[in-house]
Amino acid sequence: MKYIFLLFLTFLPFISISANKPHVINLSKSMYRADNKNWSIAQDEKGIMYFGNDIGLLEFDGVEWRLNRIPNSLIARSVAVLSHQTIFTGSYEEFGRWDRDISGKLVYTSLSDQLDKALFKNDDFWKIWIAEDCVYFQSFSSIYMYDYKTVKHVPFNGGFLLLSKVRNEFLVQQMFGALYRLKGTTLTKIEGSEIFTNTDVRVILPYSTDKYLIGTSTKGMYIYDGKTFNQWNAAISSTLSSAELNCGILSSKGVYFFGTILDGIYQVDESGNILDHLSTINTLQNNTVLSLYEDNIGNVWAALDKGISYIQHIENMDCYIDKGGKTGAVYGGALWNDKLFVATNQGVFYIAAEDLRKPEALANMKLINGTQGQVWTLKVVNGKLYCCHNKGLKLINSNLSVSDVFDIHTGVYNIMEAKYKEKDLLFLSTYQSLKIVDLATNKVYMPKQISEPIINADIDHIGNIWLEHANRGIYRCKLSDDLSGFETFSYYGGSNKDGFPYKMKMFKVGGRIVLLGNNEFYTYDDISNKIVPNTILNDCFKNVKNLKQIVHIRGNLFWALTDASIYKFSYDGYEASILESYNLGMNLSLVNAYENVSILNDSLSLVCLDNGFMIYNKEHVVKKDLQNKLPLPYLRMLGTTNGYGDYEYKNLAQLAKVSYNYNTITFGFSAENAFSSNFSFQYMLQGVDKDWSVPQKVNGAQYARLPEGKYVFMVRTVDNLGHYSESISYEFEILPPWYQTIWAYMFYILAFFFVMYIIWMLILRRYRNLHLQKIRHRETKRLKMLAGELQQEVEQKSAELLTQTSFIIQKNELILKVKDIIDDFYSKNRNNALIPLSQKINALLNSNMNTEDDWKTFLLKFEEKHTGFFKKMKTLYPQLTNNDLRLCACLKLNLETKEIASLMNLSIRAVENSRYRLRKKLNILPSQNLNEFFLNID
């Protein structure tokens, strides 16, 4: 009982630690791509963080930082969140609201433009608080109330310091004066608050259920119970006053965080005891804290004069991170003589157990002289602390001196107690081989059959010695009774080509050896003398990737380590189950290839990190639901792009129908506390992707030039423990290109019928043309026949006309000859008896010489051949007489003057005169041939 009590006292410092030591992540301006100085912090219901920065409003979804610039690049002094859609900011001589558009971007609208800015000239708006039905904007000179319609001024004589919200009340200090309650636009003085005259009230926080904790810059801290003001914890008041208190919050765990101007952040309990102190000495990147904010999972953000810090509490773990690299990478640890000893690549460091409660714990760690160099393992054996060192096995004495033991002369990886055939042994895993120490004689044995670096050794329930090679494979050996060598040995893995992984780790469960390699577990079956898969453990860890090491805790409890997470599980050889799982968080990682957890005692385990260590205390474990509780992601925007880079955004509240021209799709997504919870995203587009994408820390996905059709985009969150959330999905449709729409198809149908109609018409036309050609051919033949007939008729008419003309001319000539003969006969034979006969004959000849019937017959024949000739001549030359027309007809027939004279029964001279007169009437030049003139008239 006395021993148990002493153990209890030894571990009491660990158990009594009530504050979970956090892991601090520092974010510099190179990471968030804005200015150094940050003034204020807020968070919306979707977990998006907002920071008032020197050059604008910073927005952080856990993956991507966005800087929203205020007009004129003003400072964002204050930030308040109404919802994910609406944010308020205060600046220099300016305050306003941001509203999120369909693209997910914030668009600024000034509210102070409604006011006369002369009222707050040269003022910054330092605080913004959202009440039930309005928003308050506070500067040093005035307070304004915005009821979402108009902005009203809160009337008051004098300036203000900082407006605070406590529970549902708003309290503000008159500049260097008393405190006032603000309700609506009315300020009511708090009686007794004159004690704050000539000091600054920097912090007003809730205390207990109905009290107030008031922090000042120079007069310390006070508790206000509604009636009186009483000083609170003089020690913390003095500390915060000297560090110049600037801001503070009450966390959901009931712990106060106070930010100072000179000395970082103090974590204080309700009684005023300092639980932790974060500063540049240990974790923070800057000591000037301008604002503090607790996010919705209980972690704290700090806006600093230089950068942003995130104070993350890892459940059930106390973090001791070596910011300056003093200790180096940690490979193991041991708890001995009320001290914690840590094995690192620089030597062995130690610290008193009770000093781990101090804020700057790692600063109190000291190096043990003589241990400088690589230390692999620390182990307590029979009350002695052994150090497995790069230079051999060393013993750390109670006075912290160091001595070499067992004369090893080579580096030692590990040490293990073993009992072999009633002998108490130590197995030393060294750089050269396995070395065995007989504790009864302190004699060292080195089996020579395997002269290779051994990193771990163990013995199973039937006496097999198992050796884990430092770089490859596993040996199973039978040790000789005199410990001088191995009687037999078998080799598994490595380059043995037996199907086992090249490199394997080993651990023991209930006396049996279990192997781990390539994320698969194997067990030695001593009955069949084979290595077989361990289906129980494989099923247990089927969703866990990249298993690196298994560490035995006690009994059936083990740690399983990956590169970024650890699991506590139970396994008794028959059943296995994961009991607890821990994500190491950001900027924390185990030592690559040497992942390890050192078991300090039944309650404490030390997780070895490459920049410090964490301590797990099972007495403080908060039971966690191992079921999938990751937050659901959400879509924040859907953008579409065409080939020219033009963007269009779609409303996510309805099914998106995307034009084919804009068929490059970009999804933006996020999830609550993506940064805080350190998870990734997986996405898949049904119809394009066959499986989920690899987990990535991204907040968007793009698919270029999707073909037409309906798609479903799915996204889910995934953590380092292998858990994933339910997926959310969004259905959208890529519309067909214009040439594949229903209207296009209708057009194609109409065009088809139109083309068919055209083709039909062309066919008809072709056949019609062929038919017409036949008709034309027949008609041509007929016309040729008719033309021939007409030609014959014309020729006949011409012949008849010629014959008729010739006949008349010949007849007239004959008559004239007969007349001349008679006249000659009468003149020679003048006989009265012949006179009557001569007269009758002349009368008869004259009547036949000048008959109209001949002319009518001639003119009819002429008109048949030259139709319309006389009409045309009469139309062109109305002055022509009948005799002129007869002369024209003769000339048209190209008759000679003599023939014309004979035909017209005129003398040649008369014909010549008639021709002359006709030329005059027709206005024909003397040089022009009269006959040719008429020949050219149709």
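Residue indices begin at 1 and follow the sequence shown.
Atom NZ of K183 sits in a sparse spot, with 12 or fewer heavy atoms from other residues, nucleotides or ligands closer than 6.0 Å. Other residues, nucleotides and ligands contribute more than 12 heavy atoms inside 6.0 Å of the NZ atom of K323. Environment of NZ in K46: crowded, with over 12 heavy atoms of neighbouring residues, nucleotides or ligands closer than 6.0 Å. No more than 12 heavy atoms of other residues, nucleotides or ligands sit less than 6.0 Å from atom CG of N168. Counted within 6.0 Å of CZ on F176, heavy atoms from surrounding residues, nucleotides or ligands total 12 or fewer; the atom is thus considered open. Dense packing is recorded around NZ of K219, with more than 12 heavy atoms of other residues, nucleotides or ligands lying under 6.0 Å away.
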Give the C-alpha distance, both sets of side-chain angles, the deciding distance and a yes or no for ring-ring contact (aromatic ring centres under 6.0 Å, His included) between F88 and W98.
-> CA-CA 6 Å; F88 297 97; W98 300 79; over 10 Å; no
Run the side chain to side chain contact (heavy atoms under 4.5 Å, CB included) check on K21 and D276 step by step: do they pass?
-> CA-CA 8 Å; K21 281 193 172 291; D276 204 356; 3.6 Å; yes
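Between the side chain of Q312 and the backbone N or O of H23, no donor-acceptor pair lies under 3.5 Å. Counting only distance, with no hydrogens or angles, the side chain of N673 and the backbone of S677 share no donor-acceptor pair below 3.5 Å. Judged by distance alone, with hydrogens and angles left aside, the side-chain atoms of N651 form no donor-acceptor pair with the main-chain N or O of Q654 at under 3.5 Å. Between the side chain of S237 and the backbone N or O of W232, at least one donor-acceptor pair lies under 3.5 Å. Panel note: side chain R167, backbone T209; a donor-acceptor pair is recorded below 3.5 Å. With hydrogens and angles ignored, the 3.5 Å screen pairs a side-chain donor or acceptor of N282 with a backbone N or O of H277. A side-chain donor-acceptor contact under 3.5 Å links R100 to the backbone of H84. At least one donor-acceptor pair under 3.5 Å links the side chain of E93 to the backbone N or O of N122.
In this structure, the ring of Y144 has its center less than 6.0 angstrom from the ring center of F120. Centroid-to-centroid, the aromatic rings of F156 and Y180 come within less than 6.0 Å. A ring-centre distance under 6.0 Å is found for W65 and F51. In summary, the aromatic rings of F196 and Y222 are positioned with their centroids under 6.0 Å apart. Taking the centre of each ring, F170 and Y136 come in below the 6.0 Å mark. Aromatic rings from F229 and Y224 are positioned such that their centres are separated by under 6.0 Å. Checked against a 6.0 Å centroid threshold, the rings of F675 and W301 count as neighbours.
From C247, atom SG reaches atom CD1 of I261 across 7.5 Å, with rounding to the nearest 0.5 Å.
Cation-pi check for R202 over F258 is not met; the charged atom does not lie both under 6.0 angstrom from the ring centroid and within 45 degrees of its normal.
Here the closest non-hydrogen pair linking N53 and A34 is OD1-CB, 3.6 Å. The two atoms that bring I728 and L635 nearest to each other are CD1-N, 3.9 Å, heavy atoms only.
Residues T260 and E244 have side chains that never bring a donor and an acceptor to within less than 3.5 angstrom of each other.
Residue F95 is tested with Y108, Y146, F137 for a ring-ring contact (aromatic ring centres under 6.0 Å, His included); the sole match is F137. Screening D295, N587, N26 against Y310 for a side-chain hydrogen bond (donor to acceptor under 3.5 Å, both in side chains) leaves a single residue, D295.
Ring geometry, F667 versus Y730: the interplanar angle exceeds 60°, so the pair is classed perpendicular (tilted spans 30 to 60°).
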